[in-house]
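Taking it in order: structure first as structure tokens, then the write-up.
Because the structure is a prediction, the values reported are computed rather than measured. Below, chain A is the first sequence line, B the second, and so on; all start at residue 1.
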Amino acid sequence: MSAGTGILASYEYLDSTVDAITGLRKAGFEVKAYAPYPDHHIEHALGYDQSPVRVWTLVGGLTGTATALAFTVWTSVDWPIVVGGKPIVSIPPYVIIMFELTVLFGALSTIIGLFVLSRLPNLKPSVIYDPEFTAGRYGVYVEADGARLDDARRILNDQEPIELREGQVAHA
Amino acid sequence: MANGVTKDATARGAMTHPDLHRLDDVNRDVLKMMGPPGKGWWALLGLAATGIGVFLVAWLGVQVPVGIGVSGLNGPVGWGVYITTFVFWVGIAHSGTLISAILFLFRAPWRQSIYRAAEAMTVFAVMTAGLFPLIHVGRLWHAYWLVPYPNARFLWPNFKSPLIWDVFAVTTYFTVSATFFFLGCIPDIAAARDRATGLRKKFYQVIALGWQGSDSQWHHFGKAYIFLAALATPLVLSVHSVVSWDFAMSIVPGWHTTIFAPYFVAGAIYSGVAMVITLVVPMRKIFGLEAYLTTKHFDAMAKLCLLTSMIVLYAYLSEFFLAWYSGEEVERTAFWNRLFGNYWWATWIMLVCNGMVPVMLWFKRVRHSIPALFVISIFVNIGMWFERYVIVVTSLHHEYEPFAWGMYRPSVVEMCILLGSFCWFGFWFLLFTRLLPPIAIQELKEVMPPPMRNKASGAHS
Amino acid sequence: MSRDLAERDDGIKRRDFLRVVGVTGAGATLTGCSTSEVEKLLPYVVADEEITPGVATWYTTVCGGCAAECGMWVRTREGRAVKVEGNPDHPVSEGGLCSRGHATLQHLYHPDRFHGPMIREGEVFRQGTWDEAEQLLAARITRARNPQNTTDGGRVMFIGGHMGPSMSRLVDEFVAALEGTRVDHDAISDAPLLEAARIAYGSNSLPRYDIGAARLLLSFGYDFVESGASPVEHGKGLSRMSAVNDETHTKGTFVFLGPRLSVTGLNADEWVPIRPGSEGAVALGMASAIAGPGGGGPYANLLQAYSPAIAAEAADVGVEAIEELARRFASESPSLALGPGSGAHHRNATAANLAVMILNDVAGNVGTTVHYDTAGAGGAAGASNGYAAIDQATTAMASGDVGVAIVHGTNPAYSLPAASGFREAFEQVPFKVAFASAMDETSALADLILPDRHFLESWGDSAPRPGVMAIQQPVMEAVPMFDSKQAGDALLAVSSRLGNDLGAATFYEYLQTQHRDFAGTTGSDFDEAWRQALRNGVVEFAAPASPTPQLRAPQTALTFNPPVLDGSGDLTLLVHPSARFGGGEFSNSPWLQELPDPVSKITWHSWLEMNPHTGEERGIRTGDIVTVESPHGSLDVPVWLYPGIREDAVALAMGGGHTAMGRYADGSGVNALDLLPAVAEQPSGALVTLATTVTVTNTGTGRRLATIEGSSDQHDRPIAPAVQLALLGEAAEEAEEEHGELMELQGVGGFVPVPAEGGAPGAFPLEGARHGEYADAHEGPRWAMAIDLDKCTGCSACVTACQAENNVPWVGEDQVVMGRDMNWIRIERYYEHVDATQAGDLDVRFLPMLCQHCGNAPCEPVCPVFATYHTPEGVNAQIYNRCVGTRYCANNCPYKVRVFNWYRYTDAVPEPLNWQWNPDVTVRDNGVMEKCSFCMQRIRDAENRAALEEGRPVRDGEVVPACEQSCPAEAIVFGNIRDPNARVTQVVASERTYRVLDELINTQPAVNYLKKVTFHEVVSEAH
Amino acid sequence: MNKNWLIGSLATVLALAGLAFVQGGGAEGGEAEAAVVQPIAFPHNLHAGSGEEQANMNCQFCHFSAERSVDAGIPPVSSCWGCHQVVQGRNNPGEVAKIQGYMERGESIPWVRLYKISDHAHFPHMRHINAGLECQQCHGEIQEVGAEGIQTRGGLAGALFGTDPGVHENGPVWRGDAMGWCIDCHRQPNEAGQQQASTDCAVCHY
């Protein structure tokens, strides 16, 4: 789609990272941040709201409940077999199946939701990446062209990054 | 400060991990553990593999072709060591997800260093436990009939049977636990990937799924993790309740009690925490993780042990009391027989190991002595195995019909399979310590003081 | 994996045989061999002479198992006998059949049967042809009888066992033509009883008892339920006599006098534990009390000498007990005293039997409950079968007098004490011939073995009592893999080779000749009479009337005192016939080996019974292996502590310790005869089995007994309750009060009263009993069973019948030790009151425990795959092929009636023993659960037959499960409980009806029990 | 990512699921031979067919007990010989002559069984015949099968679809041990709208 230059700054300190993000966002940049752990300061700086993962969980869970209820009742009625003098459709034991499928479907759909939302698995990750992000460094990434690129570089450099990388990126 | 960065997390981190200072120290220490293994590790792995060999021969080579008669099971006692061991491993599987999920939701400060090992233990313990229903059925080749799948005979399983509940509960538990475990691992695998070279790098590249630690990844990850924890928590409680209902739903005196679900859950947590201690103590020693696993961690686990031991002991005593109080001859006989009948020794091993030995945990000196904890945890492991043995065997061997009473003696094949199950578990756990980060890197970092350029900034705001 | 193989194997075992036989069976009638005139076989139930594949054909015959000669129905499928049952029309057995009768089927297909004539060559046998064998026998007889022959010459001696009258006559003619000798020998002899009858009344046959007519029955140690002269008939008599009449609330009393409670004894209401050998003294003491001074006819003097006080002294019981019993014996008329028979073969056995006869006589029972046949010879026994005769034969053989010894139907090398010297003497005979179907200890010594046919393959006849005759007909072609020949045919063939014409070419012809006259008796022509005889399985004609005989004085002096015993041991050794093996002739049946002994519940091996007090004194516990030492030998045997034996006695059953009787008998248990001297009782000549004292020392080792007994204490649970006779009327009212309105849980929740259906309103609420969700919606039958515990004698015939019907495998001693016996029905035996130290009340409860087919079955909901569930007909079904083998159902079964296939036990069943398998019942695979199916195959068969008749419903009595069919005591009734007129509904209406554990766990079983009725107060259970 | 690997495992899972689906539908079969060679090349069509030069015999003339027994019955040799003493056979006198051989030797003809229900299931022929079923409803248009006989399906196809399905165009419609096939018929409603035959397990399995 669009082509441009990606610029990635690695920071040693959390406060510098947060400051860089805040600065860039003030300047109207689309910022992507990297961190070795989930840090709510960064999320706050990026202005994140509630994650839609919870919808996936809810829908998945309810689907599980409904599936289990329908399935247990249908199989009981499909070939009614009397055991132990109990009713053919005997809800109390089916509640257990319903519970288990609620959890199972809920968990699986949560994971699927996570994968969809955060575009995982992503076996071809972005080229511009600092392996130190998983160790101790924080990262801030922006894409810009021309003069905007210089602005970005300046804001990033203000916070004394350990390293600054640039590269051409093409978005799919 | 204007950026709002605070050091709110530092207090906790500093408290539990006073010796950790830099974020990448964690990477260094943890990833070091995944380095080339030493001779000891290979020896243990070899031992475990041999044990698995024995296990497979005993099961698939002897028991399946010849018949389950190679066990010591018989008419009155249709369940024995296999079901005992099944429940034992399901119980072990409990504290992993419990420590992880419940402590996560309650933000317990001592969770981070141990939860990865505990979760791994959960997954492997469920993998071990899951074998036992297959081992104990008479016709392994038809065991898949327990799975509801459309078939040419129009037949479905019986959803009223606790064994079907078991199938659903254990499968769900395994799936959710494995997912939860793996999800937590992903950022750490990425960390390993970023340090590894060669074949290992390729391997980690695949299983890291392209994790980079970007903001959106962390954002959804965090939410997903909370929801999984929230789902896993009732699941933990439900799974052992369902396992307990295998017994409680029957009419066997000694099984048919309403206390079983909470009693089993408490017992499961108890045995699970004990098993975590058993596993973590040598790990700490071998890998030099004193900075990560401090006496505070052990103290917390010991207290959890103590609490659950009291619940379990209470359950034992209330069972005995209620059997007497019921006035019902069958119940009374069953529990009298437990204490003073043919299997008195198993019951007393259970009572001593689970009810009396942990009394020592009241003392802080014991809780802070890691060798003492290790020994106590072994006692608890043994005691909890015998608890299930007592429940399964003593209840069955003297049931309603006195003329059909009988005795059960485990056979060599059963013993091979019991020991083989420990090897199977150990095998996976050994692989885990070398292939996956055995301590949660990213979560430790979360509770460490974040690096600040402006050292003062953390102090105020 | 192994599954394919498994099921294919099973398939071949059952189906392929069907297929092959389906073809050959249909064609088989075309070919017939010498005697088995198969084309003339006449089916009884199915009038069609053709064999229809898939349809059972029934034939009548006579059981050849023992001298009782019960009538038999044999079920054949595709020309193969698969099940034997009692013939209801036969006056002796009236439809019942004992365990041993059922097990004769295993002898038919026994894998150890000879495949052809066996000719000794040095140490081993070579299989030869019949021509060769007969030629050899004829030549050796000729050679032996040659007066010039001094090396291996001598006379011909025929040693025979039990045989029918025609065969017996043939043997006599055969022997007579050769100027030889005939000796009869049976492992268990009734000689003292016979001799006593001869002395007392001049009768040549055993007394006949009408046990059912007695009001007070005394048994002086006589084990008539399990051994004795006619177990089925006598067991039936006991049950009729002692069962309560639910209308009049009366029942007969049974008192057992003896040192040890056999299964007969366990049925008694009172036990007088008299000292071993004191039967004669006690009987005389009682007779003396009844007859009074001067009474007793020719025995007045004798009675004078035996006052009750002397009897009490001899018997080690209180004099009041004897006086009181005597008083009742006289007043509760008709009474009957039995025994001691084989229960006490001591040195004064004839006197003891005579004393009991005197007792009956003075009480006026002769002609009412006991009958002596003084007219004809009667009975099946020819020559005296006591030990004296065989002892003389032994002497003759040892002295070189015998040139050829022929043994038929008996096994003296096993069934005589080693001290008799029979084995050594027999070995000295130059030429020894054995007519035997399979190897045994005597055949193993023979030079020539002529494989005899099984009675189901041969012709014969029987005369079990005066006025009753039955033909034994072959029910199938001889099992093809065994080249056998009926002994009668072989004797005739050998005779003709020797140039002696016995008047017939085949035994069939000979047999018909013997019965030419009965056509005249019935007044029709012979062929029709013969056909009729085969069809009915019995011919009854008016027996010549015997006048009530008068007691005669003895010609010889008899001693009535307790006998002197050998040795100086402190314990008296009681050797008794086994309830399973008799004298050992049945030991090679795996069914009987695995049948729990009715008393001890031990399978396979031998055990020594010892009173728990005696054991306690000596530090001996159940399972300890002890050395039992008599002056004549010693044995190592495990102990089983048993309160039903006096403290000064120990008991050992016969039938164990075989050394050459094939794979199932050899090495199992010990031979009790090894402890005995070889002494003949005088004057009867019987082998003395109550002969010696023993010392018992603990070896310090032990073993786990192969028992099915867990605990013989009910632990106050509502399992086998009883009700006192005096309370019978009140019990009904109480029950009504107690139960009130039965409530049932609705599927939708809440309780509603059970609707009262037609039938027995107000009584025990069975009609409305819960029946799963099918409660009232289903139209069809609801199968149910009733078992009257007041009738059940614990004889265990049902156990073997079930095993035969349902392809229940045996598992072997080791597996039973592990607790894995497979029987679908077991007889539980609970002691309520057994006290060997004083005379008085006895209370032992027998409870046949089988699947209870619960309406609220605990086993059903726990099965994950619906392998067990409730059928609309009220049966708890087990679908073998759906079973995964979790064993949860068995755990949850409160009755513990589910058995599991721990191995592929059926693999261990060798050819052709598996030919017996019922083709209508699935052979179960490794790893599946099984249990009583209420004989589902019989239900389906009845339904199929009813459907063929214009779809009429199944009638009451058409479905008879194997256990009910076999039960000599008529304790079991099966039927549709929704039918108010069905027998089962009628029986269940009794106030005694209860259901095991039901009030405790609400299982709503379809099996209803009727409480045992006691005379004494029932104290132990609150229920 | 290696797609082949994924496809491969998916295919395996599906195949296993398929096997599980039809399990009991043929894996029992001892006779997995593709072509069955009978001792005598017996042409059902010449005996039971209604065409020209076909004898149009009733099935139960030979399978004599189908109406009154659980087994349909295989005719005794004497029954074959009864007719073939006179009838020499036009097409294949050699095969017909074999009957005489069996007859004289007193042997039974070792027919190879094609229709086999597992040991654990009971199929009473007479109940079905008397309920008005035609032989052909299970056995197919057997009266049109010639001397070539019926082919059975072995191997994987046999395992998946039953060993005895209708390979021959007129062959059996009966699907071996496929229990669903029985159930389908038993579940058909009768005039009253109820299912026409019981689906109680113990009706067939005991």
Side-chain angles (χ1 to χ4, degrees), chain B residues 60 64-79 133 136-146 153 155-164 166-167 246-247 249-253 255 328-330 333 392 395-409, chain C residues 1-3 601 704 708-717 719 815 818-821 826 828-830 847 849 858 860-866 869 882-905 925-929 996-997 1000-1001 1003:
Chain B
L60 299 175
V64 170
V66 176
I68 197 150
V70 298
S71 67
L73 298 165
N74 58 24
V77 188
W79 289 357
H136 111 285
V137 296
R139 299 207 293 177
L140 173 65
W141 50 97
H142 285 321
Y144 65 92
W145 283 349
L146 270 71
R153 282 165 267 121
L155 294 173
W156 297 103
N158 176 9
F159 288 108
K160 297 175 191 100
S161 166
L163 293 186
I164 291 293
D166 249 8
V167 169
D246 284 351
F247 304 104
M249 286 292 150
S250 80
I251 60 167
V252 178
W255 286 8
E328 183 53 58
E329 195 281 331
V330 178
T333 310
V392 171
S395 307
L396 285 176
H397 93 118
H398 277 195
E399 243 202 70
Y400 287 100
E401 196 76 9
F403 208 78
W405 286 353
M407 287 293 289
Y408 160 73
R409 290 165 179 79
Chain C
M1 48 181 83
S2 51
R3 193 193 137 270
K601 300 295 164 189
R704 293 166 73 188
I708 67 155
E709 175 181 17
S711 167
S712 52
D713 179 2
Q714 290 191 63
H715 287 82
D716 290 334
R717 299 176 185 186
I719 292 172
Q815 294 289 299
M818 289 187 79
R820 292 174 175 175
D821 57 297
R826 65 171 180 268
E828 302 191 344
R829 185 247 312 110
Y830 291 110
L847 180 83
M849 179 50 72
E860 290 167 0
V862 298
C863 178
V865 291
F866 287 121
Y869 74 102
R882 181 65 174 166
C883 179
V884 174
T886 67
R887 303 184 293 287
Y888 199 173
C889 53
N891 286 347
N892 212 24
C893 173
Y895 307 99
K896 287 284 166 281
V897 289
R898 293 179 154 261
V899 290
F900 190 70
N901 287 274
W902 299 99
Y903 294 108
R904 203 165 279 112
Y905 291 115
D925 191 10
N926 185 1
V928 299
M929 192 60 71
V996 175
L997 294 171
L1000 186 62
I1001 46 181
T1003 44

Report which part of Arg826(C) has an atom under 4.5 Å of a heavy atom belonging to chain B: side chain, backbone, both, or neither.
side chain
Heavy-atom side-chain proximity of Asn158(B) to Pro864(C) below 4.5 angstrom
no
Give the minimum heavy-atom separation between Trp902(C) and Ser71(B), together with the two atoms involved.
CZ3-OG, 4.5 Å
For the student: nearest non-hydrogen atoms of Val884(C) and Ala143(B), plus distance
CG1-CA, 3.9 Å
May I ask you to name which of Gly885(C), Gly927(C), Ser711(C) has the most heavy-atom pairs under 4.5 Å with chain B?
Ser711(C)
Give a yes or no answer on whether the side chain of Arg820(C) reaches the backbone of Leu73(B) with a donor-acceptor pair at less than 3.5 Å.
yes
What option among Glu329(B), Lys160(B), Met249(B), Glu328(B) has the most heavy-atom pairs under 4.5 Å with chain C?
Glu329(B)
Contact winner vs chain C - Gly72(B), Gly78(B), Pro133(B), heavy-atom pairs under 4.5 Å:
Gly78(B)
Distance in Å, Asn891(C) CG paired with Phe247(B) CZ, rounded so as to fall on 0.5 Å steps:
9.0 Å
Heavy-atom pairs under 4.5 Å with chain B: which of Met818(C), Arg882(C), Lys601(C) has the most?
Arg882(C)
Give a yes or no on whether the backbone of Gly69(B) and the side-chain of Tyr903(C) come within a donor-acceptor separation of less than 3.5 Å.
yes
Given side chains that start at C-beta, do those of Arg717(C) and Val330(B) come closer than 4.5 Å, heavy atoms only?
yes
Side chain, backbone, both or neither: which part of Met929(C) has a non-hydrogen atom closer than 4.5 Å to chain B?
neither
Could you check which of Gly406(B), Ser395(B), Ser250(B) has the highest count of heavy-atom pairs closer than 4.5 Å to chain C?
Ser250(B)
Please rank Ile1001(C), Val865(C), Val862(C), Asn892(C) by heavy-atom pairs under 4.5 Å with chain B and give me the top one.
Asn892(C)
Quick one: what part of Val996(C) sits under 4.5 Å from any heavy atom of chain B, side chain, backbone, both or neither?
side chain
Passing option when Arg887(C) is tested against Leu396(B), Val77(B), Ile68(B) for side chain to side chain contact (heavy atoms under 4.5 Å, CB included)
Ile68(B)
Nearest heavy-atom approach of Pro162(B) to Tyr888(C) is CG-OH, 3.6 Å
Of the backbone (N, CA, C, O) and the side chain (C-beta and beyond), which part of Asp713(C) lies under 4.5 Å from a heavy atom of chain B, both, or neither?
backbone
Counting only non-hydrogen atoms closer than 4.5 Å, does Val70(B) touch chain C with its backbone (N, CA, C, O), its side chain (CB onward), both, or neither?
both
Do Trp156(B) and Phe866(C) have ring centroids that are under 6.0 Å from one another?
no
Would you say Tyr400(B) and Leu1000(C) make side-chain contact, with heavy atoms under 4.5 Å?
yes
Taken in chain and number order and not counting sequence neighbours, the residues that satisfy ring pair (Phe, Tyr, Trp, His ring centres under 6.0 Å) with Trp405(B) are His398(B), His715(C)
For each of Ile164(B), Leu155(B), Leu163(B), tally heavy-atom pairs with chain C at distances under 4.5 Å, and name the one with the top tally.
Leu163(B)
Any side-chain heavy atom of Glu828(C) within less than 4.5 Å of one from Glu401(B)?
yes
Aromatic contact between Tyr830(C) and Phe403(B), with the criterion being ring centroids under 6.0 Å apart: yes or no?
yes
Greatest number of non-hydrogen atom pairs under 4.5 angstrom with chain B, of Ala890(C), Ser712(C), Cys863(C), Pro858(C), falls to Cys863(C)
Below 4.5 Å, heavy atoms only, C-beta onward: do Val66(B) and Arg904(C) meet side chain to side chain?
no
Please classify the contact between Ile708(C) and chain B as side chain, backbone, both or neither, with a heavy-atom cut-off of under 4.5 Å.
both
If you count heavy-atom pairs under 4.5 Å between each of Thr333(B), Val167(B), Asp166(B), Asp246(B) and chain C, which one has the most?
Asp246(B)
Under 4.5 Å from any heavy atom of chain B - which part of Glu860(C)
backbone
